[in-house]
Amino acid sequence: MKVAVIVFPGSNCDRDMVRAFELAGAEVSRVWHKETALPAGIDLIGIPGGFSFGDYLRCGAIAARSPICGAVREHAGRGGYVLGVCNGFQILAETGLLPGALMRNRRLKYICRTVPLTITSTDSPFTARFTQGQQIALPIAHHDGNYNATPEQLELLRGEDRIVFTYDDNPNGSVNDIAGIVSANRRVLGMMPHPERAVEAAHGNTDGAQLFAGLMEALGTADA
Amino acid sequence: MTEPQISDDLIAAHGLSTSEYGEILRLLNRDPTFTELGIFSAMWNEHCSYKSSKKWLRTLPTEGPQVICGPGENAGVVDIGDGLAVVFKMESHNHPSYIEPYQGAATGVGGILRDVFTMGARPIAAMNALSFGMPDHPKTRQLVHGVVEGVGGYGNCFGVPTVGGEVRFHRSYNGNCLVNAFAAGLARADSIFYSAASGVGMPVVYLGAKTGRDGVGGATMASAEFDDTIEEKRPTVQVGDPFTEKSLMEACLELMATGAVISIQDMGAAGLTCSAVEMGDKGNLGVRLDLENVPVREADMTAYEMMLSESQERMLMVLRPELEAEAKAVFDKWDLDFAIVGETIAEDRFLITHNGETKADLPLKALSGTAPEYDRPWERSPIPAPLEDIPQIGPFAALEALLGSPNYASKAWVYEQYDTQVMADTVRAPGLGAGVVRVHGTRKLLAFTSDVTPRYVKANPVEGGKQAVAEAYRNLTAVGARALATTDNLNFGNPEKPEIMGQFVGAIEGIGAACRALDMPIVSGNVSLYNETDGSGILPTPTIGAVGLIDDAAQLIAGTAHSGCVALVIGETHGHLGQSALMAEAFGREEGDAPPVDLELERRHGEFLLANRQWITAASDLSDGGLALAAFEMAAAGGVGLTLDSGDIGQLFGEDQARYLVACTFDAAEFLLSEGYRQGIAIETVGKFGGKKLRIGGHSGPFSEYLSLWSDSFEARLG
């Protein structure tokens with residue numbers, strides 16, 4: 001699996017995401033946001049957490065208009081895989097590759113803690129290694145993770161089984177407890193929790209490793 | 001633009017005394033210009049010159065085989081093996097945080113991060129020690145919210161994990177909160193960057209954010225007491241931009257890797273003035289600055305304003321001219337300003353021109369070298385009488401008094417607003433003693449703690465100073481780390497009062513003795529004086545930030561107490577209740593002497609714990625709140641009930657030093673007890689973990705009720 005992790009000014013989980021992919025066995029390159037093309041043969045684009053452009057204007061809004069995002073849209077349009085975590089999810093929502101928006105947390109405070117989640121769909125390469133209804137725990141760390149969407153969008157997400165993670169004890173006010181959703185072709189995932197912070201024994205929790213392992217299983221042999 | 005005439009009022013407004021102004025006249029043989037007066041006031045204020053504290057700071061131990069660079073640079077540098085070094089410092093941002101809590105705290109974090117990456121280190125951990133007035137004081141809640149959000153707002157965006165800290169409340173901070181920010185970074189031991197310029201005619205380069213009018217005169221403000229004109233001082237507080245700082249860090253680290261950087265100094269207090277003088281002074285060179293080349297954010301800025309601006313996220317560098325193009329490319333990549341604003345010169349001269357006009361022409365060495373130094377009169381603090389007539393209280397009521405106080409309740413409300421895991425190397429997050437992070441590419445771990453018990457320091461500065469270091473040592477030891485080195489952030493009242501100066505002198509004596517005995521040299525630090533409002537000073541608060549090393553991750557003590565674990569105490573309990581948390585919280589009495597600190601015993605007990613760490617499931621230092629509070633917190637972390645055998649208040653809440661609480665299996669306890677006996681180390685069984693109850697001295701209650709009290713009382717009072 002060949003992965004490109006996009007780096008925006010203000011990204012701060014890019015190194016963590018690179019490491020999680022490398023531990024899973026992927027070949028990873030980091031791509032600066034001013035680039036207009038991806039390296040050849042990329043299977044998956046990782047959009048990391050952080051505060052791209054300082055979260056100024058709106059979280060993810062400026063990053064979504066960065067030169068590299070043209071290439072991200074093309075990649076997704078060709079059926080390529082994209083993983084957006086935290087600020088990455090916000091950026092994907094701003095690019096329109098995923099529906100909805102991430103608003104300020106219900107209690108208006110930044111929240112960093114490990115929270116229980118439920119796997120609500122295993123029908124995606126990101127969640128294939130989990131079991132339906134499985135409870136896992138992942139860290140969250142965000143100020144703007146309160147997911148919202150129009151009733152029509154929510155109906156579509158539900159009807160197409162595109163809600164893949166939900167919070168067990170909703171920390172931020174997200175509608176329908178939504179923590180992560182996939183695109184209609186199930187190849188673009190946006191999630192607020194940080195799987196890359198739960199992949200090694202030293203993290204005290206390895207629940208996130210299954211996500212990366214699932215991607216390796218789906219894509220590992222693609223370029224072999 | 002014409003500059004104002006120098007008058008007595010103008011001199012006083014710059015915080016310069018008559019004798020200090022006399023010294024300026026003697027140095028120059030003429031009246032200073034307005035810009036020059038500003039430069040002198042920036043260099044000679046307490047905050048930058050350490051004029052009241054220098055004499056005593058020199059007595060602190062700063063050397064050791066592990067020390068690569070001690071105090072005097074942007075941060076201390078300590079060897080951790082494998083060709084790597086940890087770079088760290090703690091610094092206060094007290095006055096700005098009281099005036100404008102969000103920005104004051106945010107820029108405090110920004111300043112300390114800049115100190116660390118200026119030396120070529122990528123920040124890997126942050127802590128903050130916060131002291132506020134009483135929870136019910138009308139200003140406190142607003143300050144707590146603003147400061148915590150400011151610390152989080154800056155650190156979270158920058159992307160450094162906050163792994164520890166302290167939050168305390170005491171009426172002495174009602175008019176003067178303390179915000180002490182710590183940061184540590186990792187660098188290669190052979191590529192540390194320093195501030196000394198070298199080479200004549202080298203370009204002096206300005207990097208980072210543009211210069212605005214924010215923070216003009218900030219360092220002078222931070223060197224004065226507060227009074228009721230405080231609202232007027234708001235424009236002296238800087239505004240932080242963590243996004244620019246993150247980009248500045250990445251750009252600086254990239255630039256350093258190109259080999260273009262000869263020397264580098266961040267613009268902190270007194271901005272361009274301090275950084276340029278520092279580089280010239282350390283390199284025995286002069287500096288010429290042409291201010292029309294300084295990137296500015298506002299129109300018509302004067303030389304005076306540019307020289308004294310404390311706009312954040314700015315750096316000054318001396319670069320190799322032949323690599324200028326490479327350097328500029330890095331800064332273009334990160335969309336940061338890059339401007340050549342001057343050059344190094346051979347003469348001992350600090351020459352400032354603006355549009356061809358000379359605005360300042362000063363002897364550079366004299367600016368820092370002849371800064372005034374005072375041997376202020378001081379009085380040794382009288383040793384308090386021992387605490388007598390200890391009031392009657394039951395153990396459950398006593399524990400409730402602590403768990404229900406924001407001082408001893410869970411601080412989750414605070415630290416959950418900080419990103420504690422970014423960089424994915426955090427092994428122990430806040431809330432459980434020392435924070436621990438991994439050192440990438442090695443088996444090593446670094447541990448961080450920040451400690452002081454201001455009540456002790458007030459009662460007995462020498463023992464209180466020792467205790468702060470000893471507690472830091474114990475917190476590091478309790479996670480299996482060997483204490484490496486220390487940074488000190490000394491917060492005191494007005495040094496012109498002999499009793500305050502006496503607290504300072506006593507605390508330094510105690511800190512020095514403990515750092516020597518425990519082999520924890522002080523490699524960096526900061527002094528904050530004049531923490532007073534309307535003549536009433538804070539509790540003396542010398543915050544000790546300490547760093548420990550765990551050579552192999554397998555040696556980490558990071559378990560949690562589980563059902564069936566035995567509770568042991570290493571060290572002897574005499575039941576010292578003078579200046580204790582219990583007396584303060586349950587009875588509002590801050591009386592008696594601080595607990596005495598036996599440094600020899602601290603060392604022996606620490607070594608005993610480290611030598612036997614494979615037997616230990618979880619460990620905690622015993623400090624304020626004594627055994628009862630530490631055991632409760634350990635049980636809470638493990639999600640189990642607790643039984644403490646003794647119901648004696650002194651045994652449960654005494655704050656005797658050199659003690660640890662250990663949770664271990666029954667077999668391990670047998671071994672540790674016999675090993676302790678064999679080595680003459682006091683060690684005893686005090687109870688056990690398990691069940692769903694809290695049992696103390698034969699009585700019991702549901703653990704969950706106490707857990708709720710402990711979990712909720714901070715937010716209930718301050719959320």
Side-chain angles (χ1 to χ4, degrees), chain A residues 7-20 22-23 30 32-35 48-57 59 62-63 66 85-87 105 107-115 138-144 171 193-205 208, chain B residues 122-123 145 148-149 151-162 240-251 313 332-336 412-431 436-438 440-441 443 445 553-554 556 558-560 715 719:
Chain A
V7 184
F8 298 96
S11 294
N12 63 27
C13 302
D14 45 323
R15 296 150 60 94
D16 314 355
M17 190 183 256
V18 168
R19 180 170 168 82
E22 284 177 347
L23 284 172
R30 298 167 85 210
W32 183 235
H33 76 113
K34 288 180 185 172
E35 301 291 330
F51 290 67
S52 59
F53 296 92
D55 277 359
Y56 298 144
L57 185 59
C59 301
I62 303 176
S66 256
V85 171
C86 199
N87 190 223
N105 294 342
R107 292 198 187 109
L108 308 180
K109 299 274 185 204
Y110 186 96
I111 309 167
C112 176
R113 75 168 86 105
T114 295
V115 299
L138 289 177
I140 58 167
H142 58 247
H143 211 154
D144 300 85
H194 286 273
E196 79 281 8
R197 296 186 184 185
V199 294
E200 294 180 74
H203 295 147
N205 170 9
Chain B
R122 179 177 286 275
H145 279 251
V148 170
E149 281 171 29
V151 167
Y154 207 102
N156 297 347
C157 179
F158 181 86
V160 63
T162 298
D241 177 0
F243 165 63
T244 298
E245 174 124 322
K246 161 79 171 160
S247 295
L248 184 62
M249 186 242 330
E250 298 291 354
E313 295 90 25
D332 285 346
K333 171 185 168 187
W334 290 95
D335 295 320
L336 294 163
W413 183 88
V414 175
Y415 61 73
E416 286 189 351
Q417 295 187 53
Y418 306 145
D419 194 335
T420 56
Q421 294 160 315
V422 61
M423 301 185 95
D425 281 324
T426 304
V427 175
R428 267 169 77 96
V436 179
V437 302
R438 298 187 294 183
H440 252 5
R443 297 276 304 158
L445 304 172
L556 171 72
T560 47
E715 187 168 354

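In what follows, chains carry the letters A, B, and so on, assigned in the order in which the sequence lines appear, proteins first and then strands, with residues in each chain numbered from 1.
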Exercise for the section: With a 4.5 Å cut-off on heavy-atom pairs, point out which of A:Cys13, A:Gly204, A:Pro139 contacts chain B the most. Expected result: A:Pro139
Practice task
Determine whether more than 12 heavy atoms belonging to other residues, nucleotides or ligands lie under 6.0 Å from atom CZ of A:Arg15.
Solution key: no
Fill in the blank from the handout: Looking only at B:Phe158, B:Tyr415, B:Trp334, most heavy-atom pairs under 4.5 Å shared with chain A are made by B:Trp334
Problem - Side-chain heavy atoms of A:His143 within contact of B:Glu149, under 4.5 Å - result: no
Exercise for the section: Evaluate the side chain to side chain contact (heavy atoms under 4.5 Å, CB included) criterion for residues B:Val148 and A:Tyr110: first the C-alpha distance (whole Å), next the side-chain angles of each, then the deciding distance (0.1 Å), finally the verdict. Expected result: CA-CA 10 Å; B:Val148 170; A:Tyr110 186 96; over 6 Å; no
Handout entry: Side chain proximity check, A:Phe51 to B:Lys246, heavy atoms < 4.5 angstrom
Key = no
Problem - Partners meeting side-chain contact (heavy atoms from CB on, under 4.5 Å) with B:Arg428 (sequence neighbours left out) - result: B:Leu432, B:Val436, B:Val479, B:Leu556, B:Ala558
Practice task
Under the salt bridge (charged side-chain N to carboxylate O under 4.0 Å, His left out) rule, collect the residues that match up with B:Glu245, sequence neighbours excluded.
Solution key: B:Arg114
Completion exercise
Listed by number, the residues in residues 416-423 of chain B that come under 4.5 Å of chain A (heavy atom to heavy atom) are B:Glu416, B:Gln417, B:Tyr418, B:Asp419, B:Thr420, B:Gln421, B:Val422, B:Met423
Handout entry: Interface moiety of B:Glu250 toward chain A, non-hydrogen atoms closer than 4.5 Å
Key = neither
Exercise for the section: Give, as side chain, backbone, both or neither, the part of A:Ser11 having an atom under 4.5 angstrom from any heavy atom of chain B. Expected result: backbone
Problem - Pair B:Asp335 + A:Lys34, salt bridge at N-O below 4.0 Å - result: yes
Practice task
Please state whether the side chain, the backbone, both or neither of A:Arg19 comes within less than 4.5 Å of a heavy atom of chain B.
Solution key: side chain
Practice task
For A:His33, check ring pair (Phe, Tyr, Trp, His ring centres under 6.0 Å) against everything at least two apart and list the hits.
Solution key: A:Phe53
Problem - Under 3.5 Å donor-acceptor, A:His203 side chain and B:Val427 backbone - result: no
Handout entry: Distance (rounded to the nearest 0.5 Å) between B:Phe243 CZ and A:Asn12 CG
Key = 11.5 Å
Handout entry: For B:Cys157 against A:Gly54, the heavy-atom pair lying closest together
Key = SG-CA, 4.4 Å
